[in-house]
Number of protein chains: 2
Amino acid sequence: MNTTPQPGEEVAARAANSRLVRDFGLLIKSATRLEQRIDGELRQECGISHTMLEVLIRLCRRPGEEVSQRHLADDLTLTSSGTTRLLDRMEEAGLVRRIPSPADRRVTLVETTPHGGEVFLRAAAVHARLVERYFVAPLTTDDYGRLTAALGRIETALRDDA
Amino acid sequence: MNTTPQPGEEVAARAANSRLVRDFGLLIKSATRLEQRIDGELRQECGISHTMLEVLIRLCRRPGEEVSQRHLADDLTLTSSGTTRLLDRMEEAGLVRRIPSPADRRVTLVETTPHGGEVFLRAAAVHARLVERYFVAPLTTDDYGRLTAALGRIETALRDDA
DNA sequence: AGTCAGTCATTGACATAGCAATTGCTGAGT
DNA sequence: ACTCAGCAATTGCTATGTCAATGACTGACT
């Protein structure tokens, strides 16, 4: 309880109150809360995590296309070890299957099981409902377009830099 | 490798290719990547996580104000157990101190140590530089304002509902 | 053909956070 | 004054993901 702040602390207080810092915090927080809400709902109603649904989305997007673990890892922004363990859980739950690639014996391809397909159908419906409710409904069409455009530009800046 | 998709899979493929789903994914992904970039940089240059910086920001925002663990938990969207352990680590690192509240013996107040204050100053500078670079620079002033307005509306929808 | 730098997947050790149960304490209703 | 519903913080157990090291394999360069 320092009732007479030191000089350094005033600088700190200014930085802490900066508009940019709070706006950035809002972005992170909104995304996190949306994520948590959707994850919780999916677990409750469909028994899978949001990450798992993302995997199923990739696998079902273009049926018949080969998808490797590496491909999934890049797409989900996970490390390859994280992907390994995620798929371990999904395989154990009977949602996906691992198939050694015939073309390259290092790579493992992933495909959905029939059960995975069923779960995906239900989960995709739940997901769509939630996205509609918390992501689309609160925004005007204009806001919506500009929001995604702005996010796209942030993504580009990140990618260009790395 | 199913080269002749079943009927259900076509429905799934449509859902997976939905515009909304992908736009939503972009929001989550942008936020996550920004978060990871900032977290990594802070760890490297200042030895603290982004979450820890968020704690320090709360503690330094209005010096002299009492901040309880519960208050921090709500603010950071953490559970109280998560907050306990986060503060364990921060206390061990000498960044903060726990003080039993004189007014209510259930609550524990948290304040920064001098060392915590120093780290905060450096970390806040790094943070500001990164926020500027990846969050502000890629956007026009207009985009920036609309982005935060849109996010605010999403936050409101989430809060009203819960 | 033989080497070897680079890639994919896996594993072990660890970090972070959630949930449920527990303890200590408070304040409101009787 | 007494009880009791409820809150703050902590702890054990679990879930999820990272990093570093490893093994298996590939493809390009001598």
Side-chain angles (χ1 to χ4, degrees), chain A residues 28-29 31-33 35-44 46-55 66-93 95-111, chain B residues 28-29 31-33 35-44 47-55 66-93 95-111 162:
Chain A
I28 301 297
K29 219 155 156 181
T32 301
R33 276 221 259 267
E35 168 67 26
Q36 286 176 345
R37 179 77 53 114
I38 284 178
D39 192 62
E41 205 89 21
L42 282 171
R43 277 174 203 280
Q44 282 249 297
C46 312
I48 65 171
S49 67
H50 184 206
T51 311
M52 290 181 181
L53 174 57
E54 290 293 332
V55 170
E66 293 196 343
V67 178
S68 69
Q69 291 193 195
R70 171 111 302 278
H71 187 94
L72 281 175
D74 290 345
D75 224 36
L76 301 177
T77 330
L78 282 181
T79 61
S80 50
S81 68
T83 308
T84 292
R85 290 192 234 262
L86 170 61
L87 291 173
D88 287 347
R89 297 191 295 273
M90 292 184 73
E91 206 169 23
E92 179 147 24
L95 297 166
V96 300
R97 220 182 346 243
R98 278 190 243 235
I99 314 279
S101 163
D104 184 335
R105 276 191 291 173
R106 286 169 304 179
V107 344
T108 309
L109 303 176
V110 185
E111 63 178 40
Chain B
I28 300 297
K29 217 156 157 180
T32 301
R33 276 220 258 266
E35 168 66 27
Q36 286 176 343
R37 179 76 53 114
I38 284 178
D39 192 62
E41 205 90 20
L42 282 172
R43 278 174 202 280
Q44 281 249 297
I48 66 171
S49 66
H50 183 205
T51 311
M52 289 182 182
L53 173 57
E54 290 294 332
V55 170
E66 294 197 343
V67 179
S68 69
Q69 291 191 198
R70 171 111 302 276
H71 188 94
L72 281 174
D74 290 345
D75 226 35
L76 302 178
T77 329
L78 284 180
T79 60
S80 49
S81 70
T83 307
T84 291
R85 290 190 239 259
L86 171 60
L87 292 173
D88 286 348
R89 298 190 294 274
M90 293 185 72
E91 205 168 23
E92 179 147 23
L95 297 166
V96 301
R97 219 183 344 244
R98 278 190 243 235
I99 313 279
S101 164
D104 185 334
R105 274 192 289 174
R106 285 170 305 180
V107 345
T108 307
L109 303 175
V110 185
E111 62 178 41

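Quick caveat, the model's predicted, so the values are computed rather than measured. Below, chains carry the letters A, B, ... as their sequence lines are ordered, and counting in each starts from 1.
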Does B:Glu91 reach the main-chain N or O of B:Arg98 with its side chain, forming a donor-acceptor pair under 3.5 Å?
yes
Touch class at under 4.0 angstrom, heavy-atom based, for B:Thr51 against every strand present:
sugar-phosphate
Which nucleotide in the list C:dG18, D:dC19, C:dT16 gets nearest to the side chain of B:Arg43?
C:dT16
Using whole Å, report how far NE2 of B:His71 lies from C1' of D:dA9.
17 Å
Rounding to an integer number of Å, can you tell me how far B:Asp39 CG sits from D:dG17 C1'?
13 Å
Please work out if A:Ser81 contacts a base, only the sugar-phosphate, or nothing of the nucleic acid, heavy-atom cut-off 4.0 Å.
base
Quick one: on DNA chain D, does B:Leu87 or A:Gly82 contact a more 5' nucleotide (nearest heavy atom)?
B:Leu87
Which part of the nucleic acid does B:Thr77 contact within heavy-atom distance under 4.0 Å: base, sugar-phosphate only, or nothing?
sugar-phosphate
Side-chain N or O of A:Arg89 less than 4.0 angstrom from OP1 or OP2 on D:dA15?
no
Are the side chains of A:Glu111 and A:Ile99 in touch, meaning some heavy atoms are under 4.5 Å apart?
yes
How many Å lie between CG on A:Leu76 and P on D:dT18, as a whole number?
10 Å
Atom-pair distance (CG on A:Asp104; P on C:dG6), nearest Å:
17 Å
Phosphate OP1/OP2 of D:dA15: any A:Arg85 side-chain N/O under 4.0 Å:
no
Taking OP1 and OP2 of D:dA9, is either one under 4.0 Å from a side-chain nitrogen or oxygen of B:Arg106?
no
Between B:Pro102 and B:Leu109, the two heavy atoms sitting closest are CD-CD1, 4.3 Å
Would you mind reading off the distance between A:Met52 atom CE and D:dA15 atom P, rounded to a whole angstrom?
11 Å
For B:Ala73 and B:Thr83, which heavy atoms make the closest approach, and how far apart are they?
CB-OG1, 3.2 Å
Here the distance between atom C1' of D:dT11 and atom CG of B:Leu86, to the nearest Å, is 16 Å
Closest nucleotide among D:dA9, C:dA17, C:dG18 to the A:Gln36 side chain
C:dG18
Is A:Thr84 touching bases, backbone alone, or none of the nucleic acid, heavy atoms closer than 4.0 Å?
base
Using a cut-off of strictly less than 4.0 Å, decide whether B:Thr79 has a side-chain nitrogen or oxygen near OP1 or OP2 of C:dG18.
yes
Over how many whole Å does the gap from A:His50 atom NE2 to C:dG18 atom C1' extend?
18 Å
Which residue lies toward the 5' end of DNA chain D, A:Ser49 or A:Arg105, if each is placed at its nearest nucleotide?
A:Ser49
For B:Thr77 and A:Arg33, which heavy atoms make the closest approach, and how far apart are they?
OG1-NH1, 3.5 Å
How many whole angstroms separate atom CD of A:Gln69 from atom P of D:dG17?
14 Å
